[in-house]
Amino acid sequence: MNQARQKFPPVKDQMDLLLRGTSEVISAEELEKKLLRSFTTGTPLIVKQGFDPSAPDLHIGHAVSIRKLRQFQQLGHTVTFLIGDFTGMVGDPSGKSKTRPRLSRADVLRNAETYKAQVFKILDPEATVIRFNSEWHGTRDIYQFLELTGKHTVARMLERDDFLKRYQTGETISILEFLYPLLQAYDSVALRADVELGGTDQKYNLLLGRKIQEEYGLEAQVAFMMPILIGTDGKEKMSKSLGNYVAISDPPDEIYGRVMSIPDNLIVQYFTLATDAPSFEILKVEEDLKTGRVNPMEHKKRLAREMVGLYHSQKAAKLADDNFRVRFQDGGIPQDVPDLFITGDINIIDLLVKAGATSSKSEARRKIEEGAVYLEEQKITDFRQAIQVQNDQILKVGKRKIFRLKKV
RNA sequence: GGGGAGAUGCCCGAGCGGCCAAUGGGAGCAGGCUGUAAACCUGCCGGCUUCGGCCUACGGAGGUUCGAAUCCUUCUCUCCCCA
């Protein structure tokens, strides 16, 4: 399919925008060359990033690079959103404890749909191509595969930091895992990628993509490393498995609340990597935090509003802001409390479990003993208490879980 | 191919025949203090329960024993050393 000749912004402007907020680009000169060629021939660059098919819950850490992809699109280039289904179907053995389940074809397709729903909150569907790497890996024979492995060495694979560390400390590295980077690198060959994006932790893989492309007689891709966003715990990188994430599909109050729970020293980083706030404003925030002139909470609220605005709307942001004030600062009841439908009378323990506020009856009981459960502002002290449900009673479990009871 | 070490709750890691639902740390949850920040203090942290207990758990399967996470056999997996 031939793209019609296209008009791009001046190369210098493109460079300015694209390099902003990156951690490292290898190399800027090559990028400029590619952009120049694209400009003169009217051909968009092919920009690629790969995603794990097993975790279709995108969070604002992923969004850092996806937002960069979006910039490429805004400049007129083509983004390939690559789903690593082949590797997912094989099953990733990395980290002995968390053996990932092998995904079936149906799983992969379902996850892909979930991806689309989320990723198009950021990307332009018109300028996005979704591909699966089983398209090429799934059809290659062992001869072609061995040919690929012949293009790299064990010594060079061990250059990768985490492999070397694990090798030296006697941790397991499966051969399959060892071969992953090679498969990923080949993806760039198959797609003829001009640019590949990834987190800084992907540096080795992105560089290997360059090498392998050259081995196959192609021009090397430009490697775009984006900074890794620290999770809401302020310690580890944001990831779903650690639970320290803000999902882009989270409801407004959730996004707002999670953002408010980040440590103060993350405020500037989040503004920089996760919002569209102009840099002069971020500088001002930085200044305020340093001098202590403004309560950090105020800036964090602004950050939380920006985030909600980005993935929902300004209106939702305003509402989330109000809800937060009511719920946590005034200790009241916010507007949009989820309803919980109850038939007849119910034991307080069963009520908590039904609400999903606790994961078991034992836990429900503990929470009551800890004094975390309130019904209509009244602390529940007896876990045997039967509740005569009345419409619009408010059930509160801890500070965050609030329900409005509805009698059926 | 030979020899050695090991697999414990979300993670790390003690236990080495009964006192073990299992020491300790981390994570998490709840309460206090606050700004749902950090730091700090307190409690909880397998499930069910008529609150007396009961059930499920220490890689899998068998066995010894009144009794096993702890001993034996075997299987699976991991690591180290030698070839």
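Please read these numbers as outputs of a predicted model, since none were measured by experiment.
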**Report entry** Heavy-atom neighbours of R192(A) CZ exceed 12 at 6.0 Å
**Finding:** no
Report task. Using a heavy-atom cut-off of under 4.0 Å over every strand shown, decide if K301(A) touches base, sugar-phosphate, or nothing. Result -> nothing
Requested in this report: Rounded to whole angstrom, note down the C1' distance from G18(B) over to A7(B).
Outcome: 24 Å
Report task. Any strand is fair game: report the nucleotide pairing with U78(B) by Watson-Crick or G-U wobble, both distances under 3.5 Å, or none. Result -> A5(B)
Report task. Go through the N and O atoms of the side chain of R365(A) and the base of C48(B), and report whether any donor-acceptor pair is under 3.5 Å. Result -> no
Requested in this report: Give the rounded distance in Å between these two atoms: OH of Y256(A) and P of G35(B).
Outcome: 15 Å
Report summary line: In Watson-Crick or G-U wobble terms, with both distances under 3.5 Å, the base opposite U70(B) is none
Query raised in the report: What integer number of Å spans the C1' atoms of G6(B) and C12(B)?
Result: 15 Å
**Report entry** Value in whole Å for how far the C1' atom of U36(B) lies from CD1 of I267(A)
**Finding:** 13 Å
Query raised in the report: According to a strict under-4.0 Å criterion, is T172(A) in side-chain N/O contact with OP1 or OP2 of C79(B)?
Result: yes
Query raised in the report: Quantified in whole Å, what is the P atom distance between nucleotide G26(B) and nucleotide U64(B)?
Result: 43 Å
Query raised in the report: What nucleotide, of G47(B), G35(B), U36(B), holds the atom closest to the side chain of K300(A)?
Result: G35(B)
Report task. Select base, sugar-phosphate, or nothing to describe what L266(A) touches, counting heavy atoms under 4.0 Å on all strands. Result -> nothing
Query raised in the report: C10(B) and G4(B): how far apart are their P atoms, nearest whole angstrom?
Result: 33 Å
Query raised in the report: Any sub-3.5 Å donor-acceptor pair from Q71(A)'s side-chain atoms to L18(A)'s backbone N or O?
Result: no
Query - Proximal nucleotide (of A37(B), G47(B), A30(B)) relative to the D264(A) side chain - result: A37(B)
Query - Between G52(B) and U42(B) - P atom distance, rounded Å - result: 29 Å
Query raised in the report: When you compare G53(B) with A5(B), how far apart are their C1' atoms, in angstrom units rounded to a whole number?
Result: 41 Å
**Report entry** For C19(B), the Watson-Crick or wobble counterpart (both distances under 3.5 Å)
**Finding:** none
Query raised in the report: Watson-Crick or G-U wobble partner for A37(B), using a 3.5 Å limit on both distances?
Result: none
Report task. For nucleotides A22(B) and C44(B), find the distance between their P atoms and express it as a whole number of Å. Result -> 13 Å
**Report entry** Per P263(A) side chain, nearest of listed nucleotides U36(B), G43(B), A38(B)
**Finding:** A38(B)
Report summary line: Checking C44(B), U36(B), U78(B) against the side chain of F328(A) (C-beta onward), the nearest is U36(B)
Query raised in the report: Base, sugar-phosphate, or nothing: which does R400(A) touch, judged by heavy atoms less than 4.0 Å apart?
Result: base
Requested in this report: Would you mind telling me which residue lines up with the more 5' stretch of RNA chain B, K401(A) or Q329(A), judged by nearest nucleotide?
Outcome: K401(A)
Query raised in the report: Side chain of S362(A): nearest nucleotide among C48(B), G31(B), C51(B)?
Result: C48(B)
Requested in this report: In whole angstrom, give the distance that lies between atom CG of N265(A) and atom C1' of A39(B).
Outcome: 13 Å
Query raised in the report: Does the side chain of T275(A) come within less than 4.5 Å of L303(A)'s, by heavy atoms?
Result: yes
Query - Length of the CG-C1' vector between N244(A) and G26(B), whole Å - result: 15 Å
Requested in this report: Look at all strands and tell whether G398(A) reaches a base, only sugar-phosphate, or nothing, counting heavy atoms closer than 4.0 Å.
Outcome: sugar-phosphate
Query raised in the report: In terms of the nearest nucleotide of RNA chain B, which residue is placed more toward the 5' end: K367(A) or F383(A)?
Result: K367(A)
**Report entry** Y245(A) six-ring centre to R258(A) NZ/CZ under 6.0 Å and within 45° of normal
**Finding:** yes
Query raised in the report: Within 45 degrees of the axis of the six-membered ring of F81(A) and under 6.0 Å from its centre: does K116(A) put its NZ or CZ there?
Result: no
Query raised in the report: How many Å lie between CD1 on I380(A) and P on A30(B), as a whole number?
Result: 17 Å
Requested in this report: Tell me whether the guanidinium CZ or amine NZ of R365(A) lies under 6.0 angstrom from the six-membered ring centre of F383(A) and within 45° of its axis.
Outcome: yes
Query - Nearest-angstrom distance from the residue atom CD of E363(A) to C1' of C44(B) - result: 10 Å
Query raised in the report: What is the distance, rounded to the nearest whole Å, between atom CD1 of I402(A) and atom P of U36(B)?
Result: 13 Å
Query raised in the report: If we take the C1' atom in both C58(B) and U23(B), what is their distance in whole Å?
Result: 14 Å
Requested in this report: Let me know the distance between CZ of R325(A) and P of U36(B), rounded to the nearest Å.
Outcome: 11 Å
Query raised in the report: Do E370(A) and G43(B) share a donor-acceptor pair, side chain to base, under 3.5 Å?
Result: yes
Query - Geometric cation-pi criterion, R166(A) with F163(A): 6.0 Å, 45° - result: no
Query raised in the report: Any side-chain heavy atom of V189(A) sitting closer than 4.5 Å to one from Y186(A)?
Result: yes
Report task. Just call it for K361(A): base, sugar-phosphate, or nothing, with non-hydrogen atoms closer than 4.0 Å on any strand. Result -> sugar-phosphate
Report task. Identify the nucleotide, in any strand shown, that forms a Watson-Crick or G-U wobble pair with G24(B), with both distances under 3.5 Å; if there is none, say none. Result -> C12(B)
